[in-house]
Amino acid sequence: MNKKIAILAGDGIGPEVMTQAIRVLDAIATKFGHKFEYTESLVGGAAYDKHQNHLPQETIDVCNNSDAVLFGSVGGPVDKQHEAKWANCEAKSILALRKAFNFNINLRKMALYTEIASLSPLKPELLSNGLDIVIFRELLGDVYFGEHTQTEKNGERYAFDSGSYTESQIKSIAEYAFKVAKTRSKRLISVDKANVMAMSKLWRQVVSEVAKDNSDIEYSDMLVDNCAMQIIKNPSQFDVILTSNLFGDILSDELSVLSGSVGMMPSASFSSSGLALYEPAGGSAPDIAGKNIANPIAQILSASLMLGYSFNMLDEAKIIDEAVKATIVAGYRTGDIYTKGANEKMVGTKEFTDQVIAFISK
Ligand code: NAD
């Protein structure tokens with residue numbers, strides 16, 4: 001199979017972890033006889049240096065002409081956010097890209113490997129079976145796109161936010177989430193606040209209608225306050241979580257800390273046009289950039305999601321996931337997931353990937 005991939009490595013650790021993800025994709029191409037054609041394009045601070053624009057039109061054109069987008073991360077050091085190169089860099093590049101392509105569905109995948117369970121803030125007995133959770137977050141509705149005012153009313157400060165959902169916005173993500181649930185353990189929990197909010201009442205109605213067309217999926221609803229507790233008390237009950245924009249923002253960050261490092265969580269954004277963008281859930285980590293110490297797992301697993309979801313290369317995606325797991329089981333660790341004294345080998349970004357590739361190429 002021939003596929004065109006837009007490569008937007010960005011800033012900080014983006015380029016170095018992207019280099020490793022491409023090496024992994026090349027190993028898959030060799031093993032399975034595929035041809036991946038990469039077009040590298042600038043975004044974020046790197047694009048600003050050349051174009052004085054964080055998301056130049058030529059980068060959008062490259063994405064438009066590709067079968068999928070593999071994104072690294074953007075942004076500069078926290079103490080340099082006042083510089084034009086870094087000011088609102090994330091909003092002007094990745095958020096602008098999401099808007100340009102109308103990405104309405106976000107997926108984050110959280111895997112906890114039992115070998116590094118001691119790094120998780122949860123007690124080991126809660127994690128004995130590992131965790132493998134996918135959370136779907138709607139991206140274009142809710143309070144993020146409503147009215148926000150702060151003013152004075154009756155002699156005191158007053159704030160007002162509004163939010164909305166349409167039936168079709170909810171149906172679109174619900175159908176996608178049920179489709180993915182069929183490829184996993186066939187369990188889906190939809191999270192809302194239907195005891196209070198009108199948006200959530202509609203959310204629950206529409207999701208339950210979609211559920212009727214997917215009766216092979218074990219489906220239930222959960223209130224968001226309970227879900228936030230259950231993720232801590234009994235995380236292994238979750239397989240696919242489906243939720244709205246605001247709740248998804250909060251719950252996906254809660255989930256991301258369970259795996260032990262921010263460098264482990266891949267994500268994907270889908271649009272109804274069919275184009276999808278794949279990226280690590282973390283940021284550009286300027287504090288460790290250029291030192292060959294960043295964890296490449298989130299970027300490598302983002303490439304795996306791309307193969308599975310955009311190219312339907314399910315065996316290829318599975319081999320990448322298994323190779324990452326096998327590398328951890330064999331004791332290889334980047335610094336962020338290394339425990340001194342344990343029977344582990346601390347390795348660099350490239351050397352960790354060498355092991356992943358060795359497992360793939362076996
Ligand atoms: P961050 O996620 O970049 O880093 C937080 C901490 O996690 C740092 O100590 C970092 O070293 C560590 N870390 C992150 N990824 C790692 C990896 N792969 N391996 C090992 N350690 C890793 O968050 P931050 O420091 O708050 O933000 C830094 C920059 O990233 C900011 O400019 C911010 O705007 C940007 N950012 C970009 C995105 C994106 O591109 N989608 C997302 C979040 C933050």
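Note that ligands are numbered from 1 as they come in the structure, with each ligand's atoms numbered from 1 the same way. Residues take their numbers from the sequence shown, with the count starting at 1. We use all heavy atoms of the structure for the numbers below, so side chains are in, but hydrogens, waters and symmetry mates are not.
Annotation for Gln237: atom CD counts as buried by contact number, over 12 foreign heavy atoms lying within 6.0 Å. Lys31 NZ: more than 12 foreign heavy atoms inside a 6.0 Å radius. In the displayed structure, Lys4 atom NZ is contacted under 6.0 Å by at most 12 heavy atoms of other residues, nucleotides or ligands.
Interface atoms of ligand 1 facing Pro286, defined by a heavy-atom separation under 4.0 Å, are 28 (C). Ligand 1 places these atoms under 4.0 Å from at least one heavy atom of Gly76: 29 (C), 31 (C), 32 (O). Applying the 4.0 Å criterion to heavy atoms of Gly263 picks out, from ligand 1, the atoms 17 (C), 18 (N). Close contacts between ligand 1 and Glu279 involve ligand atoms 41 (N) [criterion: under 4.0 Å to a heavy atom]. Applying the 4.0 Å criterion to heavy atoms of Gln81 picks out, from ligand 1, the atoms 32 (O). Applying the 4.0 Å criterion to heavy atoms of Ala294 picks out, from ligand 1, the atoms 19 (N). Proximity to Ser73 (heavy-atom distance under 4.0 Å) selects the following atoms of ligand 1: 40 (O). Listed by atom number, the atoms of ligand 1 under 4.0 Å from Gly75 heavy atoms are 32 (O).
In terms of polar-atom proximity, defined here as any N/O pair under 3.5 Å, Val74 does make such a contact with ligand 1. Between Arg98 and ligand 1, not a single N/O pair is under 3.5 Å apart. Checked against a 3.5 angstrom limit, the closest N/O atoms of Pro77 and ligand 1 fall outside it. No N or O atom of Val78 sits closer than 3.5 Å to an N or O atom of ligand 1. The N/O atoms of Glu90, backbone and side chain alike, include one that comes under 3.5 Å of an N/O atom in ligand 1.
Of the candidates Gln20, Glu351, Glu16, Asn292 forms a side-chain hydrogen bond (donor to acceptor under 3.5 Å, both in side chains) with just one, namely Glu351. Screening Phe145, Tyr144, Trp203 for a ring pair (Phe, Tyr, Trp, His ring centres under 6.0 Å) with Tyr165, the sole residue that qualifies is Trp203. Exactly one of Ser302, Ser269, Ser310 qualifies for a side-chain hydrogen bond (donor to acceptor under 3.5 Å, both in side chains) with Tyr278. That residue is Ser310.
With respect to the salt-bridge test (charged N to carboxylate O, under 4.0 angstrom), the residues Asp216 and Lys186 do not qualify. Under 4.0 Å is where a charged nitrogen must lie from a carboxylate oxygen, and between Lys179 and Glu175 no such pair does.
Because its NZ or CZ atom is not both nearer than 6.0 Å to the ring centre of Phe36 and within 45° of the ring axis, Lys3 does not count as a cation-pi partner of that residue.
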(Q) side-chain hydrogen bond (donor to acceptor under 3.5 Å, both in side chains), that's the test. Do Asp26 and Tyr38 meet it? Break it down for me. (A) CA-CA 10 Å; Asp26 285 342; Tyr38 310 110; 2.7 Å; yes
Q: Starting from the C-alpha separation in whole Å, work towards a yes-or-no answer on side-chain hydrogen bond (donor to acceptor under 3.5 Å, both in side chains) for Ser304 and Asp321.
A: CA-CA 7 Å; Ser304 160; Asp321 297 353; 2.7 Å; yes
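Shortest contact from atom 15 (N) of ligand 1 to any protein heavy atom: Val262 CG1, 3.6 Å. Of the protein's non-hydrogen atoms, the one nearest atom 29 (C) of ligand 1 is Ser284 OG, 3.3 Å. In this structure, the protein non-hydrogen atom closest to atom 9 (O) of ligand 1 is Asp287 OD2, 3.1 Å. Nearest to atom 21 (N) of ligand 1 among the protein's heavy atoms is Ile288 CD1, 3.5 Å.
Protein heavy atoms are found less than 4.0 angstrom from atom 38 (C) of ligand 1. Proximity of atom 26 (O) of ligand 1 to the protein is not indicated, since no non-hydrogen protein atom lies closer than 4.0 angstrom.
Formation of a donor-acceptor pair under 3.5 Å by the Asp161 side chain with backbone atoms of His148 is not found in this model.
When Ser256, Gly283, Ala285 are ranked by how near their heavy atoms come to atom 43 (C) of ligand 1, first place goes to Gly283.
Residue Ile297 is not grouped with residue Val329 when hydrophobic side chains (ILVMFWY) are merged at heavy-atom distances under 4.5 angstrom, including chains of intermediate members.
Both the backbone and the side chain of Asn295 come within contact range of ligand 1, each with a heavy atom under 4.0 Å. If you look at Val17 next to ligand 1, there are no close heavy atoms at all, none under 4.0 Å.
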